[in-house]
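This report concerns only the one structure given below.
Just follow the structure's listing: the first ligand is 1, and inside any ligand the first atom is 1. All of these numbers come straight from a predicted model, not from anything done at the bench. Values below: all heavy atoms of this structure, side chains included; hydrogens, waters and symmetry mates excluded.
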Amino acid sequence: MSLDIDKIRADFPILQQKIYNRPLVYFDNAATTQRPQQVIDALIRTYTEYYGNIHRAAHFLADKATMAYEETRAKVRNLINAESSDQIIFTKGTTESVNLVAFSFGESFIHEGDEIIVSEMEHHSNIVPWQLLAGRKGAKIIMLPIDNNGRLLIEQLDTLITERTRLIAVTHVSNVLGTRNPIQEIARIAHSKGVRILVDGAQAAAHLLIDVQDLDVDFYAFSAHKMYGPNGVGVLYGKKELLEQMPPYQGGGEMISEVKFSGTTYNELPYKFEAGTPNISGVIAFGAAIDYLQNIGIENAASWETELLNYATAKLTQMGVRIYGNQPGKSGVISFNVDGVHFFDLGTMLDKFGIAVRTGHHCADPLMDHFNIQGTVRVSLAFYNTKEEIDVFIEALKKVISMF
Ligand code: C6P
């Protein structure tokens, strides 16, 4: 099915504006996507019609808010094909989801001398929590390297996994290279050696159909704000037998069953991991974002994004820029540098043409070190982008390069 891009764009009020008197070209979707009116309306509706604190009170508003909040949990379950809704934990975002696992799984399952394998292409969110855990427990981080094309060298897992390995932390899709990692294969290798796997799905959830049972992952983390939903909402999926054995991550309201000064018992899943008042309106509006994404169809969105990716890659290649990451099936992310021009200057000048790209290390310092660079310019695409926008970007890039 081909998408009606004009109709889709009309749903996104922010895309209608001009920046420096030029139509906005928003190519920073890996950092955060924009929201359709349907999601904005869901937020407003929550605050104007049925806002109350969830799971606590007996009154109408609290009941309605609780139902809408739990409806989103069911939608997330369906989106990623989890076995049950109680395996869906709402967090602040991917970062908090990974920290939750590093703290809580780490508490129960990681001991002195244990090893955690982390890939070289990870975002800092999937590196630093493991380093903090390793520091607390006297564990070791082992790096799973990539090659110069941005491929993860998974064949090295055979030697990197030892009897001390407890977990592999790996991204589904790289936020810099666009590489889509073979998660099912990595999970198979990990499990054949009794090792658990956590997948960072921050750059995958809006662009790939996710089936956590088919992938057979132990943990899967992602953020609503990269899926056309509100910021401040994330998801952690976990296998039930693990979540049940893991201690709470934070203490407070909602996560308890009974509190006595003599000792506290904890609530059942998923509430054990949702201490305090969560982002109620954000979670409810995330439900509207999932509806929106599923109405478009993630596969339809992905196929349009691939067409845009190929179109832009061909044009950039013709210009002779250096692109990092060229794996088949890569996601709609292009990181590049231009000889003799600093990435930051390129980004700043492109902004003056109304074009939003990200520049810098993209929170992936080890990956920058691999390529011996400080940073790149990054174009990241969404289903609402167009070939005309890519043409505008290419012309602006040519002008900017000629100025230097
Ligand atoms: N990457 C980017 O511009 P949060 O901030 O918790 O929603 O997501 C963190 C995160 C984790 N993993 C990957 C692969 C990511 O890309 C991100 C966020 C943004 O690339 C902001 S740094």
Side-chain angles (χ1 to χ4, degrees), residues 26-35 76 89-103 118-132 144 146 150 152 168-181 183 186 197-208 210 217 219-237 249 278-279 282-283 285-286 289 305 324-325 327 330-336 343-344 347 350-351 356-368 370 375-382:
Y26 188 74
F27 281 171
D28 197 17
N29 295 289
T32 194
T33 54
Q34 301 297 347
R35 282 115 203 82
V76 174
I89 297 156
F90 287 120
T91 62
K92 281 193 305 199
T94 307
T95 303
E96 192 181 38
S97 299
V98 177
N99 275 278
L100 190 163
V101 178
F103 178 84
V118 178
S119 102
E120 193 177 13
M121 68 168 77
E122 295 312 302
H123 185 278
H124 297 163
S125 299
N126 205 18
I127 301 175
V128 185
W130 305 112
Q131 290 176 326
L132 291 169
L144 173 62
I146 60 166
L152 202 54
I168 299 175
V170 63
T171 193
H172 200 162
V173 172
S174 161
N175 66 322
V176 178
L177 308 165
T179 305
R180 187 172 150 188
N181 288 317
I183 295 302
I186 301 172
I197 173 170
L198 171 138
V199 177
D200 171 348
Q203 298 296 346
H207 309 282
L208 291 176
I210 311 292
V217 291
F219 300 104
Y220 198 94
F222 54 101
S223 301
H225 73 96
K226 294 187 200 291
M227 304 171 66
Y228 315 95
N231 63 307
V233 175
V235 171
L236 173 68
Y237 157 85
Y249 164 57
N279 186 345
V283 167
F286 181 32
E305 287 160 12
Y324 304 90
Q327 287 305 283
K330 74 178 263 196
S331 195
V333 172
I334 312 172
S335 289
F336 66 92
F343 50 83
F344 183 72
L350 285 170
D351 177 55
V357 293
R358 185 170 170 189
T359 60
H361 56 52
H362 312 296
C363 303
D365 271 339
L367 185 57
M368 299 298 119
H370 176 96
T376 74
V377 178
R378 184 187 68 186
V379 166
S380 53
L381 302 161

Just jot down the ligand 1 atoms closer than 4.0 angstrom to any heavy atom of Ser223, in number order. 4 (P), 6 (O), 7 (O), 8 (O)
Any side-chain heavy-atom pair of Val235 and Phe90 under 4.5 Å: yes
I need the nearest protein heavy-atom contact for atom 15 (C) of ligand 1: residue, atom name and distance, please. His123 CD2, 3.4 Å
State the atoms of ligand 1, each with its element, that fall below the 4.0 Å cut-off from a heavy-atom position in His225. 4 (P), 7 (O)
For the residue pair Thr171 / His123, report whether a side-chain donor-acceptor contact shorter than 3.5 Å exists. no
Element-labelled atoms of ligand 1 that are located less than 4.0 Å from some non-hydrogen atom of Lys226: 1 (N), 8 (O), 17 (C), 18 (C), 19 (C), 21 (C)
Please determine if Ser125 has a nitrogen or oxygen closer than 3.5 Å to a nitrogen or oxygen of ligand 1. no
Check each of Val333, Asn99, Thr94 against atom 8 (O) of ligand 1 and report the one with the nearest heavy atom. Thr94
Shortest non-hydrogen separation from Ser380 to Asp28 and the atoms involved: OG-C, 3.3 Å
Asn175 heavy atoms, cut-off 4.0 Å: which ligand 1 atoms fall inside? 2 (C), 16 (O), 20 (O)
Taking C-beta and beyond as the side chain, do Val173 and His207 meet within less than 4.5 Å on heavy atoms? no
If you measure from each non-hydrogen atom of Glu122 to ligand 1, which part falls under 4.0 Å: side chain, backbone, both or neither? neither
Nearest non-hydrogen partners of Val357 and Gly347, listed with the distance: CG2-CA, 4.0 Å
Any idea which heavy atoms bring Pro129 and Val98 closest together, and the distance? CG-CG1, 4.0 Å
Considering all heavy atoms of both residues, which atom of Lys330 and which atom of Tyr324 are nearest to each other, and what is their separation? NZ-O, 4.5 Å
Protein contact of atom 6 (O) of ligand 1 - nearest heavy atom, named by residue and atom, plus distance: Thr95 OG1, 2.5 Å
Considering only heavy atoms, which of Arg358, His124, Met121, Gln203 lies nearest to atom 21 (C) of ligand 1? Arg358
Give yes if a backbone or side-chain nitrogen or oxygen of Asp200 is under 3.5 Å from a nitrogen or oxygen of ligand 1, and no if not. yes
Are Ile186 and Leu152 close enough that some pair of their side-chain heavy atoms sits under 4.5 Å apart? yes
Would you mind listing which atoms of ligand 1 come within a distance below 4.0 Å of any non-hydrogen atom of Ala31? 2 (C), 3 (O), 19 (C)
Does ligand 1 have any atom sitting under 4.0 Å from a heavy atom of Asn126? no
If only atom types and distance count, is the side chain of Lys226 paired as donor or acceptor with the main-chain N or O of Thr33 below 3.5 Å? no
